Amino acid sequence: MARYNPKEIEPKWRTRWNEASAFKTSADRARPKYYVLEMFPYPSGRIHMGHVRNYAMGDVIARFKRARGHNVLHTMGWDAFGLPAENAAMQTGAHPGTWTYSNIDHMRRELQQIGLAIDWSREFATCDVGYYRWQQKLFLDFWNAGLVERRESYVNWDPVDMTVLANEQVIDGKGWRSGAVVERKKLSQWFLKITDKAEDLLAALDDGRLKGWPDNVRLMQRNWIGKSKGLRMKFRFAGDAKSPDGAGDVEVYTTRPDTLFGASFIAVAPDHPLASSFAAADKGARAFIAECQKAGTSQEAIDKAEKKGFRLPIEAEHPFIGGRRLPVYIANFILMGYGTGAIFGCPAHDERDFDFAKKYRLDIIPVVLPPSADPADVKIVDEPYIGPGALYNSDFLNGLAVDAAIEASIAKIEAMGRGEASTQFRLRDWGVSRQRFWGCPIPAIHCEKCGVQPVPEKDLPVELPEVDAAVFKTPGNPLDRMPEWRNVPCPACAGPARRETDTFDTFVDSSWYFERFATDPAGWAKGPVDKGDCDYWLPVDQYIGGIEHAILHLLYARFFTRAMKDVGHVSIDEPFANLFTQGMVTHATYQDAEGRWLLPDEVIIEGGTARRANDGAPVRIGPIEKMSKSKKNVVSPVDIIEKYGADAARWFILSDSPPERDVEWTDAGAAGAWKLVARIWETVEPYAGVVGACDLSAAPAKASADLRRATHATVAAVTEDIDHFRFNKAIARIYEFLNALKKAGDADGWAKAEALSALIRLIAPFTPHLAEECWEVLGGEGLVCNAPWPTVDPALLAKDEVVLPVQVNGKRRAEIVVAASADQKATEAAALGDADVRRHLEGLTIRKVVVVPGRIVNIVAS
RNA sequence: GCGGGCGUGGCGGAACCGGUAGACGCAACGGACUUAAAAUCCGUUGAGGGAAACCUCGUGUGGGUUCGAGUCCCACCGCCCGCACCA
């Protein structure tokens with residue numbers, strides 16, 4: 001018997017698939033379509049186990065759907081712009097483009113070793129001019145449609161690297177690379193108006209359009225969008241006073257207008273215009289605002305920060321109570337980005353306002369009476385009251401419940417012309433400007449005379465200039481230092497002007513790549529996407545990726561698709577019909593006595609203790625964590641493929657844990673998967689030719705009912721499990737089937753041929769190379785990747801007899817065998833006639849017999 | 001703090017709609033083969049008791065509903081994830 005050798009067999013089948021163009025997307029639109037997509041990778045240069053898991057899952061689905069008769073779209077590309085390429089340029093002097101494309105080449109070779117059923121003819125990288133030029137076109141379309149805005153906004157500015165940092169690049173208030181204290185800086189930025197779509201992005205989460213999404217992701221998006229209903233209203237300054245810049249009032253936003261009678265102060269954000277207006281002539285205010293801006297933006301800093309305010313020399317009038325004047329503060333806990341950047345404080349019924357009022361000894365006036373409380377007893381001492389109740393101390397609102405009081409006060413304020421009902425969102429517009437070289441240039445030109453002008457479509461693409469890698473040694477965006485690229489004539493007046501040097505956030509690149517994949521490459525030069533192709537393929541039927549993209553990427557892509565619909569490129573608004581978020585790949589960590597992390601390869605484990613491989617020094621086994629370079633708890637997929645083959649790697653990574661949970665990579669598990677591969681081969685090899693020699697469509701032999709039942713039951717279960725993303729269970733069923741097959745040594749040849757033929761097609765999505773080799777040996781027709789999925793004969797699943805447990809007083813005491821068709825009476829009689837049951841009933845009186853046909857019998861006796 | 005999820009053998013996990021808890025895999029142990037080891041194959045494996053047939057206990061803890069609870073309800077404990085001064 002020839003030992004199975006994946007090193008020879010796996011490349012052989014990949015070559016055959018290529019020669020047969022087996023996975024080229026078919027133009028056949030008669031078959032039902034199925035678009036399976038995994039989040040495309042950043043081309044770091046090497047694949048990791050997370051990729052293997054992600055793409056193995058998608059590949060199982062893709063191969064399964066092909067076998068089930070679907071026209072499948074399954075593609076691969078590269079999310080290729082972004083910071084790491086510039087960092088590499090800084091460190092190694094390689095041009096970001098050179099570095100990126102060489103990584104892509106390397107990573108493609110590694111990915112292809114996994115044996116994915118992918119149509120590589122649709123591959124592209126987002127840094128291809130052929131891709132990003134159409135992104136520029138989309139941006140211009142959005143601009144025309146009013147979905148683009150340019151305005152000032154605060155950014156995290158790293159003064160050493162001279163660049164803007166994303167929030168996650170700010171660690172404890174310092175730049176992640178330079179370590180410099182990050183400043184808040186106001187810059188003109190480009191925004192996509194995602195808030196225009198907030199209402200629909202929210203509505204779709206609940207109206208069934210995203211019923212194929214996990215609840216937790218929908219919930220996270222709902223919270224992120226953060227809709228609230230309330231009131232916007234103006235507080236006039238008392239005594240006709242004005243702020244230094246002439247404002248006579250301040251507009252606040254509240255979701256609790258019912259508590260207006262409990263208002264005891266007004267607070268505005270440090271960057272509110274009113275604050276700036278006073279700060280211009282007030283050193284104290286200036287100092288206070290500066291202090292607020294310095295405070296860390298980290299969660300911890302916010303958590304610990306004490307509420308502080310700066311009293312402005314002005315007071316506001318209460319809208320309902322003549323003569324009540326409210327002090328006005330600048331307060332560090334008010335956010336300019338939400339509502340109007342100003343609030344009225346009601347300390348009795350809001351924790352933050354309560355803290356603030358305590359500190360500054362402001363009035364605490366209760367206005368909501370808890371249910372069945374006596375107004376005389378109610379005192380707000382240690383904490384505010386947030387719960388429901390009826391209004392009191394509140395004039396025309398007295399006696400109303402909170403909800404009714406909210407409505408009543410909004411109506412009153414509206415009638416007074418002092419404000420109006422208003423819906424607010426937490427979601428902000430999407431700032432897409434990045435002061436970076438390695439990204440898609442934003443197609444705009446700044447002219448001193450004409451202002452900001454779009455680049456005319458005929459001048460697209462705005463290509464990134466060829467640069468010497470040395471430019472990356474200087475901090476900042478090289479595009480700013482390239483007058484020959486930057487200086488261009490104004491498209492409107494032909495006068496001197498300069499290009500926009502910001503490039504797009506890379507989330508823009510990944511917001512429409514799936515629509516590009518759906519477009520036949522023959523149409524790639526004609527437009528961003530082909531609408532007809534998109535109408536056929538979209539939405540993506542199954543999207544698979546990490547939970548870390550639950551909010552940003554998925555929300556941006558949902559917005560982008562709506563925007564593309566607005567300007568006529570696609571017809572859908574939800575791009576992903578079904579979403580699956582897979583868990584991480586983890587591994588134990590190892591540290592030596594000095595605390596240095598060790599690679600799993602450097603460690604030998606025996607009997608629960610670990611030693612260093614080269615010198616036997618003791619090693620501490622640490623917790624199981626997500627594989628990461630920093631902790632060195634990584635296993636290279638390429639090494640595993642070298643050792644066990646891609647099929648074993650695919651099998652193991654799908655077998656151990658449910659796909660949505662984390663999976664722990666262990667060498668024992670990988671070795672176990674390899675054993676399975678070898679075992680299937682050894683099971684199949686003695687039967688060379690039987691499938692080809694046997695007419696499986698002919699009348700089946702009568703014998704071997706047990707094996708046939710096992711075959712058909714396994715096919716039914718595995719089909720169901722794959723359909724529901726339960727790969728671990730599908731694999732368990734296949735193991736059971738193998739065990740059954742082994743025990744069926746005396747089954748007849750026809751039934752065995754049927755069993756083997758089914759087995760190979762069931763494993764084909766998981767271990768495609770092994771399946772092809774087995775299929776060929778068995779004499780199956782063509783490639784197994786083109787073979788139809790095995791069918792189930794439901795008649796074979798039924799059993800003549802069933803084994804039923806019998807309980808006495810809820811405890812299992814015996815098993816009886818009855819005909820599957822036995823009715824309640826017959827089953828009860830069989831149970832009561834059983835010797836073990838009788839023994840347990842001795843001396844007892846039967847009170848009741850519960851018979852659940854096909855399930856259980858329970859005899860209640862006392 | 002708010003929101004969501006999860007607690008089952010030595011480990012990963014299974015258990016449809018409340019119906020034989022622990023499928024399947026890993027590890028461990030015993031045996032076969034071998035000069036030996038590896039690989040492979042056969043068997044055992046929730047805990048306790050018993051020579052055995054069997055019996056008792058057992059799904060984080062404490063209650064409850066039910067003929068019957070891992071599954072449903074209440075309270076508590078622990079862990080994980082998301083958001084976090086959003087007015």
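Hydrogens, waters and symmetry mates are skipped; everything else that's a heavy atom, side chains included, is used. These figures come from a predicted structure and were not determined experimentally. Proteins come first, then strands; the chains are lettered A, B, ... in the order of their sequence lines, and each starts at number 1.
- Among the heavy atoms of the strands, none lies under 4.0 Å from A:Glu664.
- To the nearest whole angstrom, the two C1' atoms, one in B:G60 and one in B:A69, are 16 Å apart.
- Judged as a salt bridge (charged side-chain N to carboxylate O under 4.0 Å, His left out), and not counting sequence neighbours, A:Asp662 has no contacts.
- If you check every strand for non-hydrogen atoms under 4.0 Å, A:Leu676 touches nothing.
- Here A:Arg847 lies out of heavy-atom contact (under 4.0 Å) with every strand.
- Shown here, B:G9 is classed syn by the O4'-C1'-N9-C4 or O4'-C1'-N1-C2 angle, which is within 90° of 0.
- B:C17 adopts a syn glycosidic conformation, its chi angle falling within 90° of 0.
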Each nucleotide in nucleotides 42-55 of chain B should get exactly one letter: B, S or -. Can you fill that in based on protein heavy atoms under 4.0 Å?
S------------S

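- Checking side-chain atoms of A:Ser394 against main-chain N and O of A:Phe261 turns up no donor-acceptor pair under 3.5 Å.
- When each of A:Ser655 and A:Lys675 is assigned the nucleotide of RNA chain B with its nearest heavy atom, A:Ser655 is the one assigned upstream, toward the 5' end.
- Phosphate proximity of B:C57 to A:Lys811: present, with a side-chain N or O under 4.0 Å from OP1 or OP2.
- Within the structure, the side-chain hydrogen bond (donor to acceptor under 3.5 Å, both in side chains) test picks out the following pairs touching residues 726-741 of chain A (sequence neighbours left out): A:Trp651-A:Tyr735, A:Arg679-A:Asn739, A:Asp721-A:Arg726, A:Arg733-A:Glu736.
- Taking atom C1' in both B:C26 and B:C79, one finds a spacing of 24 Å when rounded to whole Å.
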Return the polar atom pairs (N/O with N/O) between nucleotides 30-33 of chain B and the protein under 3.5 Å, or none.
none

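- Applying the ring-ring contact (aromatic ring centres under 6.0 Å, His included) criterion to A:Tyr360, with sequence neighbours excluded, gives A:Tyr329, A:Phe356.
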Counting only pairs under 3.5 Å, give me each side-chain donor-acceptor contact of residues 214-230 of chain A, with atom names and distances, residues two or more places apart or in other chains.
| unit_1 | atom_1 | unit_2 | atom_2 | d |
| --- | --- | --- | --- | --- |
| A:Asp215 | OD1 | A:Arg218 | NH2 | 3.2 |
| A:Arg218 | NE | A:Leu205 | O | 3.0 |
| A:Arg218 | NH1 | A:Leu210 | O | 3.3 |
| A:Arg218 | NH1 | A:Trp213 | O | 3.3 |
| A:Gln221 | OE1 | A:Arg558 | NH1 | 2.7 |
| A:Gln221 | NE2 | A:Ala550 | O | 2.9 |
| A:Arg222 | NE | A:Asp206 | OD2 | 3.4 |
| A:Arg222 | NH2 | A:Asp206 | OD1 | 2.9 |
| A:Lys227 | NZ | A:Glu199 | OE2 | 2.5 |
| A:Ser228 | OG | A:Tyr253 | OH | 3.2 |
| A:Ser228 | OG | A:Tyr338 | OH | 2.7 |

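- The side chain of A:Tyr338 contributes an N or O atom lying less than 4.0 Å from OP1 or OP2 of B:A87.
- A:Ser228 comes within 4.0 angstrom of the backbone, heavy atoms only, and of no base.
- Side-chain atoms of A:Arg650 come within 3.5 Å of backbone atoms of A:Pro765 as a donor-acceptor pair (strictly under, hydrogens ignored).
- Among residues at least two apart or in separate chains, ring-ring contact (aromatic ring centres under 6.0 Å, His included) pairs with a member in residues 654-673 of chain A are A:Phe652-A:Trp665.
- Sorted by first then second residue, the salt bridge (charged side-chain N to carboxylate O under 4.0 Å, His left out) pairs that include residues 259-275 of chain A, not counting sequence neighbours, are A:Arg184-A:Asp271.
- With RNA chain B read from its 5' end, the first of the two nearest nucleotides for A:Ala342 and A:Ser657 is the one closest to A:Ser657.
- The phosphate of B:U66 has neither OP1 nor OP2 within less than 4.0 Å of any side-chain N or O from A:Asn858.
- Rounded to whole Å, the C1' atom of B:G12 lies 30 Å from the corresponding atom of B:A37.
- A close approach under 4.0 Å does occur between a side-chain nitrogen or oxygen of A:Asn728 and OP1 or OP2 of B:A14.
- Pairs engaging residues 665-677 of chain A under the salt bridge (charged side-chain N to carboxylate O under 4.0 Å, His left out) rule: A:Lys643-A:Asp667 [sequence neighbours left out].
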Given pairs defined as Watson-Crick or G-U wobble with both distances under 3.5 Å, what dot-bracket annotation applies to RNA chain B, with ( ) intrastrand, [ ] crossing, | other strand and . unpaired?
(((((((..(((......[....))).(((((.......))))).((((....))))..(((((..]....))))))))))))....

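- A side-chain donor-acceptor contact under 3.5 Å links A:His349 to the backbone of A:Val367.
- Scored by the ring-ring contact (aromatic ring centres under 6.0 Å, His included) test, A:Phe580 finds A:Phe725 as partners (sequence neighbours excluded).
- A donor-acceptor contact under 3.5 Å links the side chain of A:Lys307 to the base of B:C85.
- Applying the salt bridge (charged side-chain N to carboxylate O under 4.0 Å, His left out) test to pairs two or more places apart or on separate chains, those with a residue in residues 834-852 of chain A are A:Asp836-A:Arg839.
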